[in-house]
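Here's the structure we're looking at; comments come further down.
Quick note: numbers below take in every heavy atom, side chains included, and nothing from hydrogens, waters or symmetry partners. Just so we're on the same page: letters track the sequence lines, and every chain starts at 1.
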Amino acid sequence: MKEILSRITKDYLYRLVKEGKRLDGRGMYEYRDINIDAGEIDPAEGSARVKLGDTDVYVGTKMDVGEPYPDTPDTGVLTTAAELIPMASPKYESGPPGEDATELARVVDRGVREGDVVDTTKLCIEEGEKVWILFIDIHVLDYDGNLFDAAGMGIMAALLDTMVPASRFDEADEDEDYPLPIEHIVVPATFTKIKDQILLDSQLEEEKIADARLTVSLNENDEIVAMQKGLRGVFDYESTKECIRKAKDICSETRDKVVDEVGRENI
Amino acid sequence: MGSNKDIELIKDGKRIDGRDFDELREIKIKAGVLKRADGSAYLEWGKNKVMAAVYGPREMHPRHAQETTKAVVRARYNMAAFSVPDRKRPGPDRRSIEISKLISEALEKVVFTEKYPRSVIDVFVEVLQASAGTRCCGLTAASVALADAGIPMSDLVASCASGKIEGQVVLDLGKNEDNYGQADLPIGYIPRSDELCLLQMDGNLSEDEYEEAMDMSIEACKEIYEIQKEALREKYSTELQAEKLNEEEM
């Protein structure tokens with residue numbers, strides 16, 4: 001099902017954007033209110049609920065002991081999946097993940113994986129035989145735009161909240177649970193382009209008229225670890241540089257927020 | 001990006017396959033190679049072998065996927081089971097679903113879709129032999145196939161990746177460089193409007209390295225653009241010449 005927007009709303013939005021304004025009066029590079037609650041879900045190894053304005057996303061982690069991939073016998077395994085359930089939007093249907101869910105999962109996964117957020121070499125129990133498998137699941141409850149950043153913040157918070165459940169597994173490396181070894185803090189900043197205006201954290205209506213989207217994931221050293229352009233529009237090279245420059249301050253604030261919420265700084 | 005300290009990727013200022021840092025692998029494109037498809041292109045890029053075919057514009061099925069005001073560009077990127085050393089399980093996986101989506105989006109930008117409401121332009125990309133950079137191969141070949149199908153377009157899309165190996169920014173990562181390098185930045189570039197219609201990055205780049213890599217990729221895309229145009233010229237100029245000859249004989 002396609003998202004439909006009335007002509008009058010569309011025209012109004014375009015006019016606002018042209019005047020450099022937004023529906024809710026925010027600045028162009030300002031997030032909606034960010035609320036992060038970590039550790040709400042008991043059975044999960046780690047969890048976080050992120051509310052980005054009205055967008056509501058849960059991220060949970062589970063761990064299991066399994067076999068490593070043959071080409072990386074001494075590192076743990078990390079997998080990310082996203083579900084866009086029908087509860088979150090009239091546009092979503094039940095069934096296996098479609099291309100939107102797949103893109104979401106892969107873009108945020110790339111930030112975590114390529115950003116070396118988790119030290120997977122420490123998740124090896126017995127080389128070539130047993131390693132920790134870390135499952136990250138993104139569950140979208142309410143879709144009001146910018147799932148990428150909500151999920152990205154949620155993953156980071158959930159990983160910081162994760163305790164390796166060693167006590168539950170006989171074959172594990174330790175007897176006591178211990179915090180997941182975290183090496184870097186990576187968060188994304190997602191920009192949307194409407195006509196020639198670029199804005200951060202688009203809400204649903206803005207997303208509906210967006211031409212293009214650019215997600216930039218940075219670590220605490222301001223290094224770029226993942227990027228992705230989405231939607232059918234284009235960016236010119238200069239504006240990608242501008243987005244990267246802006247992302248430095250934006251991500252640094254988000255990182256502080258995530259770390260503060262979880263209250264863990266042992267990295 | 002993997003890492004393996006034992007593998008040396010740069011030796012005496014050259015890359016393991018002997019290329020300079022800003023040198024592309026050899027690229028060959030042939031337009032119009034399939035009979036049934038409305039348009040097609042075969043591309044060899046280093047050790048990559050990729051076929052692209054276009055069907056349409058034709059009626060969109062399922063009908064609920066129709067757009068009332070324009071055509072939908074629907075790309076399907078697929079890797080043959082035998083295209084990689086360990087057999088790839090046939091059928092779409094998460095990676096190919098994502099790449100298909102990105103190629104569709106990148107191509108739709110240059111096609112005049114408003115000319116064909118309610119229809120679909122199907123683009124099929126089959127990777128026959130994979131050796132790093134297959135999405136760039138697919139996008140580059142697909143835009144030639146679209147042109148070969150006679151689809152009205154504002155421009156071709158040229159695609160190329162750059163990345164980082166052993167701290168050095170290099171163009172067009174080869175197989176080992178992709179596996180053991182530190183960053184990969186594939187782009188799709190529209191030369192006439194100087195715009196990016198595909199942009200992905202993974203690994204680790206500083207702001208300066210990003211700019212160095214981008215500069216390299218954009219230059220390379222301009223080179224690739226010439227190869228694409230040459231492929232089309234080669235097919236259509238020979239057809240024109242043949243027509244001319246026929247006329248003269250008559």
- Item | Euclidean distance, B/Leu196 CG relative to A/Thr240 OG1, rounded to 0.5 Å | 6.0 Å

- Do you know which of A/Glu103, A/Lys241, A/Arg106 has the most heavy-atom pairs with chain B at a distance under 4.5 angstrom? A/Arg106

- Message: Could you measure the distance from the CZ atom of B/Arg94 to the CD atom of A/Glu99? Nearest 0.5 Å is fine.
- Response: 14.0 Å

- Atom CD of B/Glu207 and atom CG of A/Asp222: how far apart are they, to the nearest 0.5 Å? 8.5 Å

- Using a cut-off of 6.0 Å, state whether more than 12 heavy atoms not belonging to A/Tyr12 lie near its atom OH. no

- Task: Mark yes when over 12 heavy atoms from residues, nucleotides or ligands other than B/Lys115 sit less than 6.0 Å from its NZ; otherwise mark no.
- Result: no

- Message: Are B/Ile97 and A/Thr102 packed together at the side-chain level, in the sense that at least one heavy-atom pair is separated by less than 4.5 angstrom?
- Response: yes

- Look at atom CD of B/Glu166 and say whether more than 12 heavy atoms of other residues, nucleotides or ligands are closer to it than 6.0 Å. yes

- Can you list every salt bridge (Lys or Arg N to Asp or Glu O under 4.0 Å) pair that touches residues 223-236 of chain A, not counting sequence neighbours? A/Arg232-B/Glu108

- Is there a donor-acceptor pair under 3.5 Å between the side chain of A/Tyr237 and the backbone N or O of B/Asp194? no

- Query: Any side-chain heavy atom of B/Asn204 within less than 4.5 Å of one from A/Asp116?
  - Reply: no

- Most heavy-atom pairs under 4.5 angstrom with chain A, which of B/Met214, B/Lys109, B/Glu211? B/Glu211

- Message: Return the OG to CG distance between B/Ser206 and A/Leu218, rounded to the nearest 0.5 Å.
- Response: 11.5 Å

- Contacting moiety of A/Ala81, where chain B heavy atoms sit under 4.5 Å: both

- Query: Any donor and acceptor pair, going by atom type alone, linking the side chain of B/Gln200 with main-chain N or O of A/Gln228 inside 3.5 Å?
  - Reply: no

- Task: Measure distances from B/Ile218 to the heavy atoms of chain A and classify the residue's part below 4.5 Å as side chain, backbone, both or neither.
- Result: side chain

- Task: Flag yes if more than 12 heavy atoms outside A/Asp71 fall under 6.0 Å of its CG atom; otherwise flag no.
- Result: yes

- Item | Part of B/Ile190 lying under 4.5 Å from any heavy atom of chain A | side chain

- Message: Less than 4.0 angstrom from a charged side-chain N to a carboxylate O is my criterion; do A/Arg113 and B/Asp202 meet it?
- Response: no

- Side chain proximity check, B/Leu199 to A/Phe235, heavy atoms < 4.5 angstrom: no

- Item | Derivation of the side-chain contact (heavy atoms from CB on, under 4.5 Å) call for A/Asp100 and B/Lys101 | CA-CA 9 Å; A/Asp100 288 340; B/Lys101 181 174 195 276; 3.3 Å; yes

- Item | Minimum heavy-atom distance between A/Glu114 and B/Gly203, given as atom pair plus value | CB-N, 3.3 Å

- Task: Tell me, with the steps shown, if B/Glu98 and A/Arg110 meet salt bridge (charged side-chain N to carboxylate O under 4.0 Å, His left out).
- Result: CA-CA 13 Å; B/Glu98 186 196 18; A/Arg110 223 170 277 143; 2.6 Å; yes

- Message: Does atom CG (B/Asp86) have a neighbourhood of more than 12 heavy atoms from anything else shown, all under 6.0 Å?
- Response: no

- Message: Can you list everything that forms a side-chain contact (heavy atoms from CB on, under 4.5 Å) with A/Glu129? Sequence neighbours excluded, please.
- Response: A/Glu126

